[in-house]
Amino acid sequence: MGANEAKLYFSTELLNWYNTHKRDLPWRRSRNPYYIWISEVMLQQTRVETVIPYYHRFIEQFPTVEALADAPEEQVLKAWEGLGYYSRARNLQAAVREVKTSYGGQVPDSKEDISSLKGVGPYTAGAVLSIAYNKPEPAVDGNVMRVLSRYFLLRDDIAKPSTRIGMEKLAKELIPEGKAGDFNQALMELGATVCTPKSPHCLTCPVMELCAGRLEGAADELPVKTKAKPPRPERRAVAYIEGAGTESGRVLIRQRPKEGLLARMWELPHVQLPETLQASAGRAGADADAGADAAAMRFLREKLEAEYGLLVEPVEPMMDTEHTFSHIEWRMRVYRCRFAGFTEGAAAAGDRGGDAGQASGEQQEKTTFLWFGEEELRQYALPNVFVRILQQAPPADSPKS
DNA sequence: AAGGCGGGGAA
DNA sequence: TTCCCAGCCTT
């Protein structure tokens, strides 16, 4: 069996299989390059089932390049709330604005032009070019690398950039004449539904007869991929600050800095506890933690005042929760706090949000605080971990039992 | 080349 | 629990 024969068999059978087995996905009902692009960005590191509702809402809210380009960033971030990797949303809008101003609103159809857009890497460029324009460009993602690793018995570490380059070369050779869009999608579809990471469904695979990985009994060990480092744990004390008087029923939130983790998202104020306070905070309500809670509450109060001129009086622990990022694990304890104002020099939080100057760090950007209630729910984007806390926390004005 | 950057579903 | 998902960007 020659190598070329195995390749032709692979492409032919895969394409035939796709034509009868492809899922009916929203973005497959359109050839609009803008819609394809939106879907591809949302699908980066995110599952199809998760993306579908976001996709519908997003194209309804921003139906054209122009609509997204002209929208306030706050609104775009809100539409992305819960999807994660929020730089995708900011990069997408920046790129769409570039398309509006430099490309007359038309999504570029050349590799060079589309690759110059923010957030458009090798995969997304190939996906849009092939699916929307049927250009013979490879679109190599995790699915494709897994499928090719198994079928061609490639033991290269797919975590290495050099491996992806090789896969792209191979994938491009496999594209049947005039069928780039369908073939690339077929490759990913096979990886998503048949050639799965664990226990692949080889018996229903359209190319199992010549799959070198299966014939070698190595399908389960492929692809080779170096393990990621485990996330580093961080203990954090969160301030659940209830409003009083005209702000009754609301909770104080702040906006994160414009760069870095969860950039420009809103959240409950929180501080990382120093190592000396990290060890003991573990189980809410346990007597043994009373001292640790007292120390954590004191640290929380002092830190918020020093950093933001925010005066609070922590009252008691409310709940514990964890949130794991790719590289950090937040172990959080939420403390109910009484609001006691801002120090002189730090503007009070108002309906429109007030700037609170930071006592330390002359070059740091100012932090905006505001009272978050029912009316603000639709406007401000919060990471899921804080949405969960707010949902579980009892209403601020409800009597405690 | 390595690390930052979310969140959730599947096994 | 562990893995990894239709990846990209910065250093």
Side-chain angles (χ1 to χ4, degrees), chain A residues 22-23 25-28 36-55 77 80-92 94-95 114-132 138-147 157-165 167-168 171 181 183-193 195-201 220 223 225-232 256-257 259-265 267 321-330 381-388:
Chain A
K22 64 181 170 188
R23 290 171 291 179
L25 302 177
W27 43 90
R28 287 183 178 161
I36 305 291
W37 183 13
I38 300 294
S39 73
E40 291 301 338
V41 174
M42 286 186 170
L43 286 162
Q44 288 167 14
Q45 302 293 292
T46 311
R47 295 173 181 282
V48 165
E49 301 73 37
T50 304
V51 163
I52 288 175
Y54 283 91
Y55 174 81
L77 215 48
W80 211 269
E81 181 185 66
L83 257 189
Y85 285 132
Y86 299 98
S87 64
R88 290 185 297 175
R90 294 192 305 277
N91 286 339
L92 176 60
I114 199 169
S115 298
S116 73
L117 299 172
K118 292 201 88 165
V120 178
Y123 167 75
T124 307
V128 174
L129 290 176
S130 63
I131 298 172
V140 173
D141 65 354
N143 279 321
V144 173
M145 288 199 282
R146 183 172 59 254
V147 170
D157 184 354
I158 65 169
K160 296 179 179 299
S162 58
T163 302
R164 199 209 69 232
I165 303 291
M167 295 273 184
E168 285 174 346
F183 177 75
N184 284 346
Q185 292 185 83
L187 211 39
M188 294 186 278
E189 189 85 347
L190 188 74
T193 64
C195 197
T196 47
K198 289 174 214 169
S199 55
H201 309 97
D220 284 329
K225 184 178 183 182
T226 56
K227 284 181 183 170
K229 286 200 318 187
R232 64 175 184 274
R256 294 181 61 87
E259 294 192 343
L261 183 67
L262 301 168
R264 294 184 191 174
M265 301 287 283
E267 65 180 7
T321 189
E322 288 190 3
H323 188 63
T324 305
F325 303 92
S326 312
H327 56 305
I328 307 173
E329 181 179 283
W330 279 354
L382 280 69
N384 265 12
V385 58
F386 296 104
V387 173
R388 283 204 315 273

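Chain letters run A, B, ... following the sequence lines, proteins first and then strands; every chain starts at 1.
Residue order along DNA chain B, read from the 5' end via each residue's closest nucleotide, puts K160(A) first among K160(A) and Y86(A). Residues P161(A) and G82(A) both approach DNA chain B. Their nearest nucleotides, taken by heavy-atom distance, put P161(A) toward the 5′ side. Each of N91(A) and R47(A) was assigned the nucleotide of DNA chain C with the nearest heavy atom; the assignment lying further toward the 5' end belongs to R47(A).
Side-chain atoms of V120(A) and W37(A), non-hydrogen and from C-beta on, do get closer than 4.5 Å to each other. Side-chain atoms of I158(A) and R146(A), non-hydrogen and from C-beta on, never get closer than 4.5 Å to each other. Two residues are said to be in side-chain contact when any heavy atoms from C-beta on lie closer than 4.5 Å; L261(A) and H327(A) meet this criterion.
For H327(A), no side-chain nitrogen or oxygen approaches OP1 or OP2 of dG3(B) to under 4.0 Å. Residue H323(A) places at least one side-chain N or O closer than 4.0 Å to OP1 or OP2 of dG7(B). Side-chain N/O atoms of N384(A) include one lying less than 4.0 angstrom from OP1 or OP2 on dG8(B). Between dC8(C) and T124(A), a contact under 4.0 Å exists linking OP1 or OP2 to a side-chain N or O. Distances shorter than 4.0 Å separate none of the side-chain N or O atoms of K198(A) from OP1 or OP2 on dC3(C). Neither OP1 nor OP2 of dC9(C) sits under 4.0 Å from any side-chain N or O of R88(A). Q44(A) has no side-chain polar atom (N or O) that falls below the 4.0 Å cut-off from OP1 or OP2 of dG7(C).
Nearest nucleotide to the L261(A) side chain, out of dC5(C), dG6(B), dA6(C): dG6(B). The P197(A) side chain lies nearest to dC4(C) when the options are dA6(C), dC4(C), dC8(C). When each of dC5(B), dA6(C), dC5(C) is scored by its nearest atom to the side-chain atoms of S326(A), the top-ranked nucleotide is dC5(B). Checked against dG6(B), dA6(C), dC8(C), the side chain of D141(A) finds its nearest nucleotide in dA6(C).
Judged by distance alone, with hydrogens and angles left aside, T46(A) brings a side-chain donor or acceptor within reach of the base of dG6(B), the pair sitting under 3.5 Å.
dG6(B) sits 12 Å from dC5(C) when the C1' atoms are compared, rounded to a whole Å. Between dC4(C) and dC5(B), the two P atoms lie 22 Å apart (nearest whole Å). Using P as the reference atom, dA11(B) and dA6(C) are 13 Å apart when rounded to the nearest Å.
Distance, E49(A) CD to dC4(C) C1': 13 Å, rounded to whole Å. E40(A) places its CD atom 14 Å from the C1' atom of dC8(C), with the value rounded to the nearest Å. Atom CZ in R164(A) sits about 15 Å away from atom P in dC5(C), given to the nearest Å. Between the OH atom of Y85(A) and the C1' atom of dC4(C) there is a distance of 10 Å, rounded to whole Å. Here dG7(B) presents its P atom at 11 Å from CD of E267(A), a figure rounded to the nearest Å. Spacing between atom NZ of K229(A) and atom P of dT2(C) amounts to 17 Å, rounded to whole angstrom units. When the C1' atom of dA6(C) is taken as reference, atom OH of Y54(A) falls 17 Å away, rounded to whole Å. Residue I52(A) contributes atom CD1, which lies 16 Å from atom P of dG8(B) at whole-angstrom precision.
Residue contacts for L83(A): at a heavy-atom cut-off of 4.0 Å it reaches a base atom on one of the strands shown. Note on W27(A): a base of the nucleic acid sits closer than 4.0 angstrom, heavy atoms only. Here F325(A) lies in heavy-atom contact (under 4.0 Å) with sugar-phosphate atoms only. Base engagement by L25(A) is indicated by at least one non-hydrogen atom pair under 4.0 Å involving a base atom. Within 4.0 Å (heavy atoms only), R28(A) reaches at least one base atom of the nucleic acid. Nucleic acid contact class of R256(A) (heavy atoms, under 4.0 Å, all strands): none. Residue V385(A) is out of contact with every strand shown, counting any heavy-atom pair closer than 4.0 Å.
The backbone N or O of T193(A) sits nowhere less than 3.5 Å from a side-chain atom of T196(A) that would complete a donor-acceptor pair. The closest donor-acceptor contact from the side chain of R164(A) to the backbone of P122(A) lies at 3.5 Å or more, if one exists at all.
You'll find the ring centres of W330(A) and F325(A) inside the 6.0 Å limit.
Other residues, nucleotides and ligands contribute at most 12 non-hydrogen atoms within 6.0 Å of the CD atom of E259(A).
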